[in-house]
Enquirer: 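Pasting in a structure now, in structure tokens, and then I'll have a few things to ask.
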Amino acid sequence: MKPVAEREIRASFVNCTKGEVKRLAVPKDLGTRPWDDLDFLGWQDPSSPSRAYLVAEQGDRLVGVALRRAAPNAGHVRRSMCSLCLTTHTGDGVSLMTARRAGGSGDSVGAYICTDLACSLYLRGKKDVGIGGRMPESLTLEEKITRTAANLSEFLQKVTA
Ligand SMILES: [Zn+2]
């Protein structure tokens, strides 16, 4: 994706109040993010691990959503698959993230997503998955990226619908 500035990120959120947008923690390291390898920008709030954010280009606009991470099942070893990039992680590597729907209906939409939101880097083999890993597939990287983008669009459409 194209590099984005803090101002653009704050302007992109579709499911937050103005006050929430003002307070939310935008990453301080935007200048050094590996933009060429990112399909979307995702991060966890360093001061509150239950909050995460995702910003992606959708057509010619930037769409940002605030996510709530469900509490992990402590002590229970499990494997789960990210619904965006289809990477399998053990333990807390995948979390159920919920996003309030835009428009103030009070509904929310949930999806299992890599807890660190580093889907783009797992896809490209730029971040180690550890135990678990990716299922061998005959798709090319380009095809996997396209599929992840489609999964993400579908999720964002549910949030913005
Ligand atoms: Zn993922």
Side-chain angles (χ1 to χ4, degrees), residues 1-4 9 12-16 24-30 32-59 61-74 76-102 108-161:
M1 67 184 287
K2 281 188 303 231
V4 289
I9 291 172
S12 74
F13 281 91
V14 296
N15 66 343
C16 297
L24 70 84
V26 171
K28 301 270 181 258
D29 60 350
L30 291 174
T32 58
R33 293 263 165 170
W35 297 103
D36 286 346
D37 287 327
L38 294 184
D39 303 311
F40 63 86
L41 176 66
W43 72 98
Q44 287 180 276
D45 185 333
S47 62
S48 171
S50 66
R51 290 173 201 273
Y53 304 97
L54 191 162
V55 173
E57 290 163 355
Q58 293 290 288
R61 82 185 186 124
L62 206 59
V63 174
V65 292
L67 302 164
R68 276 286 186 171
R69 181 184 166 205
N73 298 348
H76 177 55
V77 179
R78 65 217 152 84
R79 285 164 73 101
S80 16
M81 187 185 274
C82 171
S83 63
L84 300 181
C85 67
L86 309 192
T87 300
T88 303
H89 298 269
T90 51
D92 298 339
V94 172
S95 296
L96 175 60
M97 305 273 193
T98 56
R100 216 158 56 206
R101 273 190 208 258
S108 59
V109 186
Y112 284 89
I113 302 178
C114 293
T115 304
D116 58 6
L117 295 128
C119 303
S120 315
L121 302 180
Y122 292 124
L123 270 187
R124 290 164 177 76
K126 304 235 168 172
K127 189 163 184 182
D128 186 22
V129 183
I131 316 166
R134 298 190 46 83
M135 281 190 309
E137 290 185 291
S138 58
L139 297 186
T140 64
L141 174 60
E142 213 49 52
E143 287 167 334
K144 290 179 199 169
I145 291 170
T146 304
R147 180 177 61 191
T148 300
N151 292 339
L152 177 59
S153 288
E154 200 179 304
F155 176 66
L156 293 177
Q157 271 160 26
K158 283 188 207 156
V159 176
T160 53

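Treat the numbers as computed from the prediction; the structure is a model and nothing was measured. We're numbering straight along the sequence, starting at 1. Both counts, for ligands and for their atoms, begin at 1 and track the order of listing. These numbers come from the heavy atoms of this one structure, side chains and all, not from hydrogens, waters or symmetry mates.
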Enquirer: Using a strict threshold of under 4.0 Å (side-chain N to carboxylate O), is an ion pair present between Arg69 and Asp45?
Expert: no
Enquirer: Check whether more than 12 heavy atoms from other residues, nucleotides or ligands sit under 6.0 Å from atom CD of Glu137, and answer yes or no.
Expert: yes
Enquirer: Quick check: does any side chain N or O of Glu57 sit under 3.5 Å from a backbone N or O of Lys2, one acting as donor and the other as acceptor?
Expert: yes
Enquirer: Counting C-beta onward and ignoring hydrogens, is there a side-chain heavy-atom pair between Thr148 and Tyr122 closer than 4.5 Å?
Expert: no
Enquirer: Side chains of Leu152 and Leu54: closer than 4.5 Å at any heavy-atom pair?
Expert: yes
Enquirer: Under a 3.5 Å distance rule, please check whether Ser83 uses its side chain to pair with a backbone N or O of Tyr112 as donor and acceptor.
Expert: yes
Enquirer: Hey, which protein N/O/S atoms does the Zn ion (ligand 1) have under 2.8 Å?
Expert: Cys82 SG, Cys85 SG, Cys114 SG, Cys119 SG
